[in-house]
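Quick note: numbers below take in every heavy atom, side chains included, and nothing from hydrogens, waters or symmetry partners. Order of the sequence lines fixes the chain letters, A, B, ..., with proteins taken first and strands second; residue numbering starts at 1 for each chain.
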Amino acid sequence: MKYYAPKGLSDVLPEEMPYWHAVGDEVRSVMSSYNYSEIRTPMMEKTEVFARGVGENTDVVSKEMYTFDDKGGRSMTLRPENTASAVRAYLEHKFYGKEELSKWYYLGPMFRYEAPQKGRSRQFHQYGAEAIGSNDPALDAELITLAIDILTSLGLEDVGLKLNSIGCPSDREDYVDDLVDYLEPRKEGLCSDCQARLTTNPLRILDCKNERCQEIVKDGPVITDYLCTDCQEHFDGVKSYLNELEIDYVLEPNLVRGLDYYTKTVFEVFSEDLGAQDALVGGGRYDELVELFGGDPTPAVGFAGGIERLVLLLEELERVSGSEGGLDLYIATIDDESKQAAMKLGRELRKVGLATEMDYLEKSLQGQLGYADRYDARYTAILGPREIENDELTLRDMESGDQVKVSLDNYVEEIVEKLIG
RNA sequence: GGGAGUGUGGCGCAGUCGGUAAGCGCGCUGGGUUGUGGUCCCAGAGGUCGCGGGUUCGAGUCCCGUCGCUCCUCCCA
């Protein structure tokens with residue numbers, strides 16, 4: 001084989017499409033029910049949108065971006081996530097002047113240069129929501145239930161919610177100071193990555209999976225002890241709403257997440273039925289991001305979910321029927337003359353909305369019936385010299401095998417009648 | 001960035017110690033049915049064993065390299 005799709009970029013094949021459609025349909029439907037409107041931002045942005053928005057020290061920006069210079073010498077980057085673009089669009093189109101609260105959702109491809117594995121590819125697809133303009137903890141809870149509702153409406157039940165608050169920047173500053181003070185003397189025990197993080201991004205040490213790092217972190221300071229009154233109240237509010245909504249969650253004080261823009265609430269929805277890449281949805285509040293992009297201080301919260309991982313689960317659980325559509329009618333032909341007529345017939349039937357197929361492979365009648373069978377045609381219209389002679393067609397019910405003659409004068413009505421009536 | 005596994009007709013696989021094993025199932029084509037699918041029976045087409053070197057009298061099998069794929073670590077969607 002000479003040509004392959006680039007590593008980590010995979011084709012979504014027709015046979016997988018029912019799952020993708022199910023996810024897309026459910027996302028749109030649930031989002032609408034929560035009054036979120038779709039927005040589509042470009043698949044690439046100027047590099048600084050992500051570099052500034054997501055954070056220079058994040059894994060995503062420092063080593064996972066598809067960045068290149070365009071012909072004008074501008075540094076462009078394929079979007080690794082959609083929040084930064086959404087905020088850019090929010091400001092560019094001055095939504096702060098149009099509405100007090102912007103509730104958006106999106107659906108589309110994202111790109112991160114990483115080693116592909118189960119549930120992770122370089123081009124992947126996310127659906128997500130952003131609510132810009134309110135710091136109400138009820139909105140955090142809304143986003144969380146929205147994310148969960150999409151999953152449960154698709155038939156997933158065993159999903160868990162991890163929840164944490166990382167406070168506002170000044171809380172975090174105090175916390176990071178103490179964390180570094182705590183870790184510095186224990187530096188030797190940390191993995192080499194974490195030793196580096198101690199200076200670049202100490203918070204990331206918290207969710208390092210290395211056992212020794214975890215051991216050390218376990219007895220260190222806990223971020224939720226550092227929340228200011230505002231942040232504490234906010235966090236309590238989120239938890240209280242979740243309790244009211246009977247959403248189970250696990251408090252994870254070490255959940256900090258990989259993007260710099262988060263403040264206060266952070267959360268992840270995960271599945272135990274997935275492999276190493278078990279996060280289905282990740283999100284949180286980003287109250288500083290609009291301001292960072294040059295807007296007035298504007299609180300916001302959002303989440304994103306991975307479609308590939310969701311499809312993987314749906315396939316495993318067989319929660320979505322593996323086929324869609326199906327043929328209403330197959331028109332079998334015998335010779336050139338009947339094929340001419342079949343082309344015309346087929347077009348008429350398609351016009352009234354019937355999925356119609358015919359032979360393009362010069363198959364025998366036997367072969368054509370087999371083909372019709374394989375595609376689950378409900379009826380096969382047989383059109384041969386005998387039918388043409390009598391100005392009729394033979395309509396075969398593919399389940400019962402019953403056949404009737406139908407006049408070519410009113411075949412559309414008769415076939416529609418059989419299929420619908 | 002590290003680690004492990006894997007590559008044999010379209011698909012899923014078997015291939016023993018290196019020695020007529022290039023084989024099975026599904027699918028496909030034709031026939032049984034000169035115009036009738038699903039079950040069944042018969043026949044048939046289809047493979048430079050990922051690629052390139054090497055060892056050997058002899059390589060799908062062993063060695064080296066290379067490309068691809070998969071999974072893990074890490075991070076996350």
- Query: Could A/Arg186 and A/Tyr182 be counted as a cation-pi pair, given that NZ or CZ must be under 6.0 Å from the ring centre and within 45° of the axis?
  - Reply: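 Yes, a cation-pi geometry.
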- Query: What string of B, S and - do you get for nucleotides 35-45 of chain B 5' to 3' if you count protein non-hydrogen atoms under 4.0 Å?
  - Reply: BBBB-------
Only pairs with both distances under 3.5 Å count, Watson-Crick or wobble alike; so what is the partner of [N] in this structure?
N	value
B/A77	none
B/G12	B/C24
B/G7	B/C67
B/G46	none

In whole Å, what separates the [atom1] atom of [N] from that of [M]?
N	M	atom1	answer
B/G27	B/A22	P	26 Å
B/A43	B/G35	P	25 Å
B/U48	B/G23	P	15 Å
B/C49	B/A4	P	28 Å
B/G7	B/C11	P	14 Å
B/G37	B/G32	C1'	16 Å
B/G47	B/U8	C1'	8 Å
B/U56	B/G18	C1'	9 Å

Between [atom2] on [N] and [atom1] on [X], what's the gap in Å once rounded to a whole number?
X	N	atom1	atom2	result
A/Tyr375	B/G27	OH	P	14 Å
A/Tyr4	B/U70	OH	P	12 Å
A/Glu268	B/C75	CD	C1'	10 Å
A/Arg212	B/U73	CZ	P	18 Å
A/Leu259	B/C75	CG	P	14 Å
A/Asn210	B/G1	CG	C1'	16 Å
A/Met65	B/C75	CE	C1'	16 Å
A/Leu151	B/A77	CG	P	14 Å

Give one of base, sugar-phosphate or nothing for [X], where a contact means two heavy atoms less than 4.0 Å apart.
X	result
A/Ala279	base
A/Lys63	nothing
A/Val281	sugar-phosphate
A/Asn82	nothing

- 5' precedence on RNA chain B between A/Leu280 and A/Pro6 (nearest-nucleotide basis):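 Nearest nucleotide further toward 5': that of A/Pro6.
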- Query: For A/Phe124 and B/A77, are the ring centres under 5.5 Å apart with planes inclined under 30°?
  - Reply: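 Ring-base stacking flag set for A/Phe124 and B/A77.
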- Item | Pairs touching residues 245-266 of chain A that satisfy ring-ring contact (aromatic ring centres under 6.0 Å, His included), sequence neighbours left out |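 Every ring-ring contact (aromatic ring centres under 6.0 Å, His included) pair that includes a residue of residues 245-266 of chain A, provided the two are not neighbours, is A/Tyr261-A/Tyr286.
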- Task: Calculate, to the nearest 0.5 Å, the distance between atoms CG and CD belonging to A/Leu78 and A/Glu64 respectively.
- Result: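 So the gap between those two atoms works out to 14.0 Å.
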- Query: What is the distance from atom CG of A/Asp373 to atom CD of A/Glu399, rounded to the nearest 0.5 Å?
  - Reply: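 Taking CG in A/Asp373 and CD in A/Glu399, the distance rounds to 10.5 Å.
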Is it true that [Y] and [X] share a donor-acceptor pair across their side chains at a distance under 3.5 Å?
X	Y	answer
A/Thr145	A/Tyr34	yes
A/Ser134	A/Asp136	no
A/Thr394	A/Gln403	no

- Task: Determine whether A/Glu268 and A/Glu252 make a side-chain contact, defined as any pair of heavy atoms from C-beta on separated by less than 4.5 Å.
- Result: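 No. Closest side-chain heavy atoms not under 4.5 Å.
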- Looking at side-chain heavy atoms only, is the closest gap between A/Ile144 and A/Leu163 below 4.5 Å?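 Yes, side chains in contact.
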- Query: Does a salt bridge link A/Arg88 with A/Glu92, judged by any charged N lying under 4.0 Å from a carboxylate O?
  - Reply: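 Counted as a salt bridge, because a side-chain N and a carboxylate O are separated by less than 4.0 Å.
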- Query: Looking only at atom types and distance, does a side-chain atom of A/Arg172 sit under 3.5 Å from a main-chain N or O of A/Ile166, one as donor and one as acceptor?
  - Reply: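 Yes: the side chain of A/Arg172 pairs with the backbone of A/Ile166.
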- From B/A77, B/C75, B/C69, pick the nucleotide closest to the side chain of A/Lys7?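 When the side chain of A/Lys7 is considered, B/C69 is the closest of B/A77, B/C75, B/C69.
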- Message: Suppose we call a contact any N or O donor and acceptor under 3.5 Å apart; does that hold for the side chain of A/Gln277 and the base of B/C75?
- Response: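 By the distance-only test, yes, there is a pair.
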- Task: Identify the heavy atoms of A/Val416 and A/Leu354 that sit nearest to each other, and give their distance.
- Result: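 Result for this residue pair: CG2-CD1, 4.2 Å.
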- Is there a residue in residues 113-121 of chain A whose heavy atoms reach under 4.0 Å of RNA chain B, and which residues are they?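 Heavy-atom cutoff 4.0 Å gives A/Glu114, A/Gln117, A/Lys118, A/Gly119, A/Arg120, A/Ser121.
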